[in-house]
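Quick notes on the structure that follows.
Every chain is numbered from 1 and lettered A, B, ... according to where its sequence line falls, protein lines coming before strand lines.
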Amino acid sequence: MLDITTQTQKPYLEIRDLWKKFGDFIALRDISLEVMEGEFLCFLGPSGCGKTTLLRAIAGLDLQTSGTVSQAGRDVSNLPPAMRDFGIVFQSYALFPNLTIERNIAYGLENQGRPKAEISARVTELLALVGLPEQGKKYPAQLSGGQQQRIALARAIATNPGLLLLDEPLSALDAKVRVHLRHEVKELQRKLGVTTVMVTHDQEEALSMADRIVVMNHGTIEQVGTPLEIYREPETLFVADFIGAMNQIPAVVEEAGKIRVGTCVLQSEHNVFDHGTAVIAAIRPEDITPMADGVDDADALPANVETMEFLGSFYRASLSCPDLGNISLMADFSINAVRRVDISLGKSLRVKIPADRLKAFPAQQGAQA
Amino acid sequence: MSTIDDIPRPFVKPRLGKDDWIQRGFMAVIALYLIVALALPLYAMLSKAFSTYTFDLSQYEVQVSDEDGHFTKPVENIANLNARFDPPVIGAGSTNSNGRQKLTGLFPDFSFRSPVMYRFRGTSPEAVYLVGSERHTGPEWLELDSNTFRRVVIRPVKHVGLANFTTYFSTPALTQSVRNSLWIATISTIITVTLAFWFAYALARSCMRFKGVFRMVAMLPILVPSLLPGIALVYLFGNQGMLKSFLMGETIYGPIGIVLGSVFFTFPHAMIIISTALAISDARLYEAAVSLKASRWKTFWTVTIPGARYGLFSAAFVVFNLVITDFGLPKVIGGKFNVLAVDIYKQVIGQQNFEMGAVVSVVLLVPAMLAFAIDRQMQKKQVALLSARSVVFEPKPNRKMDRIFFAYTVLVSIFIAGIIGVCQFAALIKFWPYDLSLSLHNYNFDLMDGGGWGSYKNSIVLAVLTAVIGTVVVFLGAYMVEKTKGFEKGRALFQMLAMLPMAIPGMVLGLAYIFFFNNPANPLNFIYGTMIILVVSTVTHFYTVSHLTAVTALKQMDTEFESVSASLKQPFHKLFRQVTVPVSMPAILNISIYLFVNAMTTVSAVVFLYSTDTALASIAVLNMDDAGDIAPAAAMGMMIFYTNAGARILHALASRGILKRSEAWRKGD
C-alpha cells in the first residue's frame with residue numbers, strides 16, 4: 001500500500017488478494033486496495049483493464065473468483081448485493097422509465113417501515129440537493145441526460161448508503177454537461193462525506209474529481225496515488241503514457257543521474273539504474289522549456305521547429321534535435337512563450353529538458369504495457 | 001504472466017439471498033414444466049419409434065393332460081409346437097405393444113368343454129402371459145382347465161432397433177408420402193415467397209393507396225384454421241364447384257388443392273418476415289445507386305435483393321415448415337394424395353398402429369428440424385445486417401409502377417379475401433348448389449356430429465386459458481432466463497428447451513402426449529382426456545414464438561434495473577411488478593393474442609388429445625367436413641374467424657389504450 005499522507009482514518013473498504021476469471025481469461029489479478037472513509041477514489045484505465053469488473057465485485061453484482069472484500073469491518077465477500085450497503089449509479093442512468101422522478105427516488109425508501117410523510121419529505125430534500133426541485137412529477141424521458149443522471153444520483157444516496165459506487169456516470173453526457181456535472185458530483189460527495197468509488201476511462205475526470213486515483217491495466221493495479229502524484233511521479237511507463245502526453249525516447253544509462261540519448265548525455269535526477277541499462281526516457285511536452293536568445297545554459301539543446309499546431313490555450317510543436325539523433329520531440333509552448341521567444345515554423349531555437357522532469361523507465365516495461 | 005491455475009483457493013462461494021432462492025425456484029418450476037410437457041413426451045415417442053414387438057414362442061412351455069387329468073404327455077415348447085404346423089399357426093411377423101396371441105390354435109382337438117387340463121409356464125422371467133386380464137410371468141407352472149386355457153394369451157417382447165424404420169422404408173405406400181410432402185412443401189414455398197415478396201415490396205417501396213387495408217387483408221389467414229381454405233376450394237373447384245371449369249379437368253382434391261390452400265394460410269407469415277427485411281434496408285444504398293446511375297433493374301438485383309436475402313431465406317424455411325407439418329389442409333382436400341402429417345393420423349387413428357405413427361413422426365421431424373435450424377441461422381444474420389445508423393427508405397411516387405403494384409396487391413387481396421368470402425357464402429347458403437337461399441341453418445351445430453356449440457365453447461375456454469396461463473408461464477420463464485444472475489448452465493438448458501417447440505410439428509407433439517400421458521403408470525395420467533392436457537399441449541406447441549417475443553422485450557430494458565433495485569434492498573418481485581411488467585405490457589398483450597388466436601385455430605396437436613367432453617371448434621370443422629357436412633364446417637370455421645377478429649380488435653384497442661396512458665414516459669415507440 002502506498003503511503004497515505006493526508007488521511008489518518010482507518011480504511012472503510014478493504015480489498016484483499018482479489019482475483020476474477022471469466023472462463024480462461026483473468027480479468028483481475030491479485031488486487032489489494034484500501035479505501036479510506038469519506039474518500040473519493042477513481043479507478044482509471046483503458047477499456048478492458050478490469051476497472052468495472054472490480055467495481056462490480058465490490059458491489060456483489062459479479063462476485064470475484066477468489067479474495068475478500070470487507071466494508072466497515074464486515075466481510076462482505078460472498079454476500080448478494082441486497083445484503084451489502086451501497087448506492088450505485090450507472091452510465092445508462094437505469095432510471096425506471098414508467099415511474100415518476102419522485103417514485104424513482106423513493107424506490108429504495110419504501111418497504112422500510114418509514115411513514116409516507118417522511119419518504120415524501122426526504123424526496124423533496126433530495127430533489128433540492130441535486131438541484132432539481134419541482135421536477136418530481138415528471139417522467140425520466142422528459143428530462144435531459146444530465147438531469148436524469150442527477151436523479152439517479154439522488155436515488156442512489158436516498159437511503160444514506162455507506163458507499164457510493166459510480167460506474168462511468170458521466171460518459172453518456174455531452175462534453176459541456178459532463179464538465180459541469182463533474183464539479184457538482186464532487187461537491188455533493190464532499191458535502192455528504194460518503195465514501196465513493198468511481199470508474200472512468202477519462203483521465204481528466206479522474207484528475208479533477210478524485211482524492212486518489214487507482215490506475216489499472218490488464219487486470220492489475222499500476223499505481224495508486226493522488227492526482228498530482230499520478231501525473232507528476234508516474235511509477236510505470238504505462239501510467240506516464242496513459243495520463244497526459246509523454247515523449248518516449250529510447251536511451252541508455254550512463255551513470256546515476258545521467259542518461260545518454262544518441263550522442264547527448266542528459267541529466268535525469270530520478271534514474272537509479274545501473275550503467276548500460278536500456279531505458280525509455282520520458283518527458284512531458286509542457287516540461288520542455290524554450291530558451292530565449294542570449295540566455296546561456298550549458299544543458300540547452302539546439303532544436304528545429306518542424307510543425308506547429310495551435311490548440312487554443314497553447315501551441316503543440318514537433319521539434320527535431322540533431323543531438324538526440326533521429327527522433328522528434330513533442331513540446332507544448334504557451335502563447336506567451338511563443339511570443340517571448342519568437343517561436344515559429346522552421347525556426348531554430350534552444351530548449352531545455354529539466355533534469356527533475358526527465359524520467360527513465362526500464363525499456364522492457366514499455367513492451368509489456 | 002499468471003494463469004487461471006495460479007488463482008489462490010478457496011474460491012468465493014456466493015451466498016444466495018432470498019431473491020436468488022425464489023428465482024431459482026421459479027426457474028425450476030418452469031423448466032420442470034418444459035421437461036414434462038416437452039422433453040419427456042418426445043422421449044416417450046422416440047423410444048416408441050425404435051421399439052418393435054414380437055412373440056417369442058420359445059419362452060413358453062405347455063403340458064397337456066389326458067382326459068382324466070393325468071399329465072403323462074411330455075412338456076412341449078410352444079415354438080416347437082408351432083413349427084410342427086405347415087404353415088405355422090402363429091406367424092413370425094411383428095406385432096405392437098398391445099399385441100396378444102391366443103394359443104388354442106396350436107391344439108387342433110381343443111374344445112373348451114373338454115376335461116383335458118393344461119399346465120402352462122414361461123421359461124424366463126421376461127415371458128409374460130395373461131389369463132383373462134390377469135398378468136403372469138416366470139417359470140411357475142399354472143394348471144388350467146380347458147375353459148380357462150381358452151383365455152390364455154401371450155404378450156410380445158420388446159426389441160430396440162431400427163426394424164420399424166426398415167418396415168417403413170420398404171413400404172412404397174408410406175415412402176411415397178415423403179416425396180409428396182417434400183414436393184408440396186417446395187412448390188408452395190416457391191409460390192408463397194414470390195407472391196409475398198412482391199406484396200411486401202409494393203407495401204414498402206411504392207406510393208400506392210390503401211396500404212393499410214392491404215396489410216390487414218394479408219393478415220386475415222392467420223385468423224382461421226389452415227383447413228378452412230380447403231373448404232373454400234371445394235366450393236370453388238370441387239365436383240360441384242362454381243369455377244370448376246378453371247381447372248380444365250384436373251381435380252382439386254390433391255396436390256393442386258393443397259398448394260393453393262397452403263399459399264393462402266402461409267402467406268401472412270412470409271409477408272411479415274419479408275416486410276421486416278425490406279423495412280431495414282438502408283436508404284443511403286439507394287442514393288448511392290442513383291448517384292452511380294445504376295438502372296432500376298440493376299439496383300433491384302444489387303441492393304434490394306441482397307438486403308432482403310436473409311428475410312427471403314427465412315420466409316422460405318418458415319413456409320416450408322408450416323406446409324410440411326400441416327395436417328388440416330391435406331386432410332380436407334388431399335384426397336388420395338398422401339402426405340406425412342396425414343399418415344401419422346391414419347396410422348394412429350385409423351390403424352391404431354402407434355409404433356408406425358411414431359416412425360412417421362420421426363421421419364417428419366427431420367425436415368422440420370432442418371428447416372427450423374436453418375431459419376434460426378438466417379434470423380441471426382438478418383439481425384446483424386441491421387445497423388443503428390441505417391436511414392429509412394422513403395418511396396417516391398411513380399405513377400406507372402404504383403399502378404402496377406396496386407393492381408397486383410388488389411389481385412392477391414381478392415384471392416385471400418375471396419377464400420374467406422366463399423366460406424362465409426357457404427356457411428349462409430341453405431343447400432349448395434340446389435337451394436341458394438340464405439339461412440342460418442348451418443350454424444345449428446347441435447344438429448350435427450362434431451361436438452356442436454359445446455365444441456365452440458370449449459375452444460373459447462381453451463383459448464382464454466392458453467392465453468392467460470401461457471402468457472404467465474412464458475413471460476416468467478423469459479424473465480428468469482434473461483434477468484437473473486448465476487446458474488448459467490440451468491439457464492442455457494432452459495433457453496434450449498424454450499426453442500425446441502418451434503421445431504416440433506403439432507402432430508408429433510400430440511402423438512408424443514398420447515405415449516407419455518396415456519401411460520397408466522404416469523402419475524399425470526389423470527390429465528389425459530381433460531381440458532388441462534389441451535391447454536398444456538397448446539401452450540407448449542406455441543411456446544417458442546411467445547418466448548422470443550418476451551425475450552426481445554426484456555432485452556430492450558436496461559440490464560442494470562435489477563442491480564439498482566438490489567442495491568436499494570428491494571425484493572426482485574417489486575421491480576418485476578412495478579417496472580418490468582408495465583414496461584413490457586405491449587409485448588405481454590402480443591403474446592396473449594398470439595396464443596389466443598392459435599389456440600382457436602390449431603388442429604394438429606389437439607386432434608389426438610381431445611375427448612368427447614373437450615371437442616374443439618377447429619376439430620369440429622375437421623369432423624363435420626369428414627362427415628360430409630361441409631356447409632356447417634364452413635360455418636364453424638367462420639365462427640372461429642369472427643372470434644379471432646373480435647379478439648384482435650379488442651387487443652388493438654387495449655394496446656392503444658395502454659400506449660396512450662404510457663405516452664408520457666414512452667418516447668419513440
**Asked** So does B:Arg577 have more than 12 non-hydrogen atoms from other groups sitting under 6.0 Å from CZ?
**Response**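 Counting neighbours around CZ of B:Arg577, more than 12 heavy atoms of other residues, nucleotides or ligands fall under 6.0 Å, so yes.
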**Request:** May I ask you to check whether over 12 heavy atoms, not counting those of B:Phe26, lie within 6.0 Å of atom CZ?
**Result:**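 Result for CZ/B:Phe26: open.
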Using a 3.5 Å distance criterion without hydrogens, assess whether the side chain of [X] forms a donor-acceptor pair with backbone atoms of [Y].
X	Y	answer
A:Ser66	B:Pro8	yes
A:Asn111	B:Gln570	no
A:Tyr107	B:Val564	no

Does any heavy atom of chain B fall under 4.5 Å from the side chain of [X], the backbone, both, or neither of them?
X	result
A:Arg155	both
A:Leu95	backbone
A:Phe90	side chain
A:Leu99	side chain

**Asked** Quick one: are A:Pro97 and B:Val583 in side-chain contact, heavy atoms under 4.5 Å?
**Response**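 When only atoms from C-beta onward are counted, B:Val583 and A:Pro97 do touch, with a gap below 4.5 Å.
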**Asked** With a 4.5 Å heavy-atom cut-off, do B:Phe11 and A:Lys21 have their side chains touching?
**Response**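 Yes, close enough: below the 4.5 Å cut-off.
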Gap separating the [atom1] atom of [X] from the [atom2] atom of [Y], nearest 0.5 angstrom:
X	Y	atom1	atom2	answer
A:Ile26	B:Ile7	CD1	CD1	4.5 Å
B:Arg15	A:Asn78	CZ	CG	6.5 Å
A:Leu61	B:Glu560	CG	CD	7.0 Å
B:Asp558	A:Tyr93	CG	OH	11.0 Å
A:Asn98	B:Trp665	CG	CH2	5.0 Å
B:Ser563	A:Leu165	OG	CG	11.0 Å

Please flag which part of [X] lies under 4.5 Å from any non-hydrogen atom of chain A: side chain, backbone, both or neither.
X	result
B:Ser565	both
B:Gln578	both
B:Asp19	neither

**Over all atoms of both residues, closest heavy-atom pair of A:Ile88 and B:Ser567** =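 Nearest heavy atoms, A:Ile88 then B:Ser567: CG2-OG, 3.7 Å.
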**Item:** Closest approach of A:Ser77 to B:Val12 (non-hydrogen atoms, all atoms of both residues)
**Value:** O-CG1, 3.8 Å
**Item:** Residues A:Glu110, B:Lys569: salt bridge by 4.0 Å N-O rule
**Value:**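 Here A:Glu110 does not pair with B:Lys569 in a salt bridge, since their nearest N and O are not under 4.0 Å apart.
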**Prompt:** Any idea which of B:Arg9, B:Lys574, B:Lys13 has the most non-hydrogen atom pairs under 4.5 angstrom with chain A?
**Reply:**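 Most pairs with chain A among the choices: B:Lys574.
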**Item:** Top contributor to chain B contacts, counting heavy-atom pairs under 4.5 Å, from A:Thr65, A:Leu109, A:Leu79
**Value:** A:Thr65
**Request:** Could you please spell out the steps behind the side-chain contact (heavy atoms from CB on, under 4.5 Å) verdict for B:Lys18 and A:Met83?
**Result:** CA-CA 10 Å; B:Lys18 198 173 150 201; A:Met83 292 169 78; over 6 Å; no
